[in-house]
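Take a look at the structure set out below.
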Amino acid sequence: MLDPKLLRTDLAAVADNLARRGFVLDQAAYQALEDQRKGLQVRVEQLQNQRNVKSKSIGKAKAAGEDIQPLLAEVESLGDELKAADTQLDALQRQIRDLQLDMPNLLHETVPDGTGEDDNPEIRRWGEPPAFDFEPADHTDLGAGLGLLDFEAAAKVAGARFAVLRGPLARLHRALVQYMLDVHVREHGYTEIYAPYIVNAAALTGTGQLPKFADDLFALGGEHEFYLIPTAEVPVTNLVRDGILDAEQLPLKMTAHTPCFRSEAGSHGQDTRGMIRQHQFEKVELVHIVRPAESWDALEELTANAEVVLQRLELPYRVVSLCAGDIGFGAAKTYDIEIWLPGQQRYREISSCSNCVDFQARRMGARWRNPDTGKPELVHTLNGSGVAAGRALIAVMENYQQADGSIRVPAVLQPYMDGLQVVTA
RNA sequence: GGAGAGGUGGCUGAGUGGUCGAAAGCGCUCCCCUGCUAAGGGAGUAAGGGUUAAAAGCCCUUCGAGGGUUCGAAUCCCUCCCUCUCCGCCA
């Protein structure tokens, strides 16, 4: 959520910033609601004040043994007017809040212009795409050839956009997760978190998935309003909701491995082949909760932490800065890490690292006590994949494939595979 | 699933219809005293919001959430959520 004060004092500047994303902010409509709110709120508070003052005097008079009847008559008429005005104010504030919850975050000044994926400038590149003396296969054919990756079996038990992994391939997938967690915990100073895979609407509103993107989520039926998490960002970031952290507790660096569940409602027909885009995938997530002054450094650190995982796996990648038209709802700035996939002969997203500044913190009520002011202030939140395990598996399969269809096991993963060096049928 | 207890400020914890936004303690900040340290004394210290260009001031809201009763609710009534204890069931 954006700062309501900023919306009140500089609506035009906010609209200009959001326009870069292609978001149209109806200034006139918002301003009209805001103007109504202002008058009404002042009126309501005046009435409440009158009621309080008179009620207090009744209490005093009663204690003094005086006749309170005339005072009661005086306050009688207040009630109805207050109630009516209050109901109206409540509805107005709800409308304003709904508009605010729908507004994306302000873009940082360094976010490049652009309308889509193709406009994301490359920041840096690491590694060289491997040269094969044969025609490299994609992971779908590789997996099928090995008999270890099975989409038909998954369709039988679930449906489209699910996968079944078997034997050493399933283990390689698990090895990736263990390896990534170990790197972040041992070397990057993260605290490992195990958190719920099912969350409530308040948590999803806190991180920004709700109310706007309900269609992207799997909602559970039943008496509770529960949802499957689309990313560990939701349960982990929300750990600091509705609280005031001590300055010494910051920065908080947390990592968690969870499955992620996405309806992919808007992506019919995209990436239907293979396990690039699934309803269920595993991910190791990185979350930072930091002092506002440190969040831009933290974004660089978090991104670098994710990159280390790929460097050790010796997987070629590049980092792009998401342009205004491609960046996510809650992010002020995002770096995507894209991995080289020989099967597709192009780079594909494997990690998305964002600084959300105070956008999520305001929705969550996540604050810290600033020792300089002694006052609670909003923290900044960041999150990024460190990295997506499903896509990392694909990348390993395609980059480490051999002419006979087998897959070499990256050196850093071999300890997690009982020393296995090659995955074969 | 059954029975009971409880949810109050950064934390612990009093408070059962009116000068209660809330005692006390802890923590924190400032000051005094004490020639280091320790101890002692005093003062201050909830959050969110409105008004304002901003501040001060003034005002409003908040004692798990939402309704209700009342001139007035932390306190009474209803619904819901959560935590704890015991029983049952269960990985």
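What you are looking at is a predicted structure, and each value in this text was computed from that prediction instead of being measured. Chain naming here is simple, since letters A, B, ... match the order of the sequence lines and numbering starts at 1 in each.
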Hey, can you pull the donor-acceptor pairs under 3.5 Å for the side chains in residues 187-199 of chain A, sequence neighbours left out?
| residue | atom | partner | partner atom | Å |
| --- | --- | --- | --- | --- |
| A/Glu187 | OE1 | A/Arg312 | NH1 | 3.3 |
| A/Glu187 | OE1 | A/Arg312 | NH2 | 2.7 |
| A/Glu187 | OE2 | A/Arg312 | NH1 | 3.2 |
| A/His188 | ND1 | A/His184 | ND1 | 3.1 |
| A/Tyr190 | OH | A/His288 | NE2 | 2.7 |
| A/Tyr190 | OH | A/Asn305 | OD1 | 2.7 |

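- In this structure, CG of A/Leu71 is placed 19 Å from P of B/U70, rounded to the nearest angstrom.
- The separation between A/Asp246 atom CG and B/G10 atom P is 11 Å, rounded to whole Å.
- For the pair A/Lys83 NZ and B/G72 C1', the interatomic distance rounds to 15 Å; values are reported in whole Å.
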Could you list the donor-acceptor pairs under 3.5 angstrom formed between side-chain atoms of residues 53-67 of chain A and any protein atom two or more places apart in sequence or on another chain?
| residue | atom | partner | partner atom | Å |
| --- | --- | --- | --- | --- |
| A/Ser55 | OG | A/Arg51 | O | 3.0 |
| A/Ser57 | OG | A/Lys54 | O | 2.7 |
| A/Asp67 | OD1 | A/Gln69 | N | 3.2 |

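- By the salt bridge (Lys or Arg N to Asp or Glu O under 4.0 Å) test, A/Glu45 is found to be paired with no residue, residues two or more places apart in sequence or in another chain being considered.
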In a table with atom names and distances, give each donor-acceptor pair under 3.5 Å that connects a side chain of residues 162-174 of chain A to protein atoms at least two apart or in another chain.
| residue | atom | partner | partner atom | Å |
| --- | --- | --- | --- | --- |
| A/Arg166 | NH1 | A/Asp150 | OD2 | 3.0 |
| A/Arg171 | NH1 | A/Asp418 | OD2 | 3.3 |
| A/Arg171 | NH2 | A/Asp418 | OD2 | 3.3 |

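- Between the C1' atom of B/G72 and the CD1 atom of A/Ile58 lies a distance of 7 Å, rounded to the nearest Å.
- Taking atom P on both B/U37 and B/C32, the two are 15 Å apart, rounded to the nearest angstrom.
- Across B/C71 and B/C84, the matching P atoms stand 41 Å from one another, rounded to whole Å.
- Closest of all the heavy-atom pairs between A/Leu11 and A/Leu7 is CB-O, 3.5 Å.
- Nucleotides B/U19 and B/U12 place their P atoms 26 Å apart, quoted to the nearest Å.
- For A/Glu152, the CD atom sits in a loose shell: 12 or fewer heavy atoms of surrounding residues, nucleotides or ligands are nearer than 6.0 Å.
- Rounded to a whole angstrom, the distance from the C1' atom of B/A5 to that of B/C26 is 26 Å.
- Taking the P atom of each, B/U75 and B/G9 are spaced 15 Å apart, rounded to whole Å.
- Comparing B/G66 with B/G4, their C1' atoms are spaced 25 Å from each other, to the whole Å.
- Atom P of nucleotide B/C71 and atom CD of A/Glu81 are separated by 17 Å, given to the nearest angstrom.
- Within 3.5 Å, no donor on the side chain of A/Lys56 pairs with an acceptor on the base of B/G18, nor the reverse.
- Between A/Glu282 and A/Thr258 there is no side-chain heavy-atom pair separated by less than 4.5 Å.
- Taking each heavy atom of A/Arg241 and A/Arg363 in turn, the nearest pair found is NH2-O, 4.3 Å.
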Nucleotide-resolved protein contact map, nucleotides 46-66 of chain B, B/S/- at heavy-atom distance under 4.0 Å: -SSBSSS------BSS-----

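- Checked by atom type and distance alone, the side chain of A/Arg277 never pairs as donor or acceptor with a backbone atom of A/Thr272 at under 3.5 Å.
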RNA chain B in dot-bracket, Watson-Crick or G-U pairs under 3.5 Å, [ ] crossing, | other strand? ((((((((.[[[..)..(.....]]]((((((.......))))))((((((.....)))))).[[[[[..)....]]]]])))))))....

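- At whole-Å resolution of the value, CG in A/Asn200 and P in B/C82 are 10 Å apart.
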Could you go through the side chain to side chain contact (heavy atoms under 4.5 Å, CB included) check for A/Leu106 and A/Leu6 one step at a time? CA-CA 11 Å; A/Leu106 293 173; A/Leu6 186 64; 3.8 Å; yes

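- Across the interface with RNA chain B, nearest-nucleotide mapping of A/Lys54 and A/Phe226 shows A/Lys54 to be the residue nearer the 5′ end.
- One C1' atom belongs to B/C58, the other to B/C63, and the distance between them is 24 Å to the nearest Å.
- Using P as the reference atom, B/C87 and B/G15 are 30 Å apart when rounded to the nearest Å.
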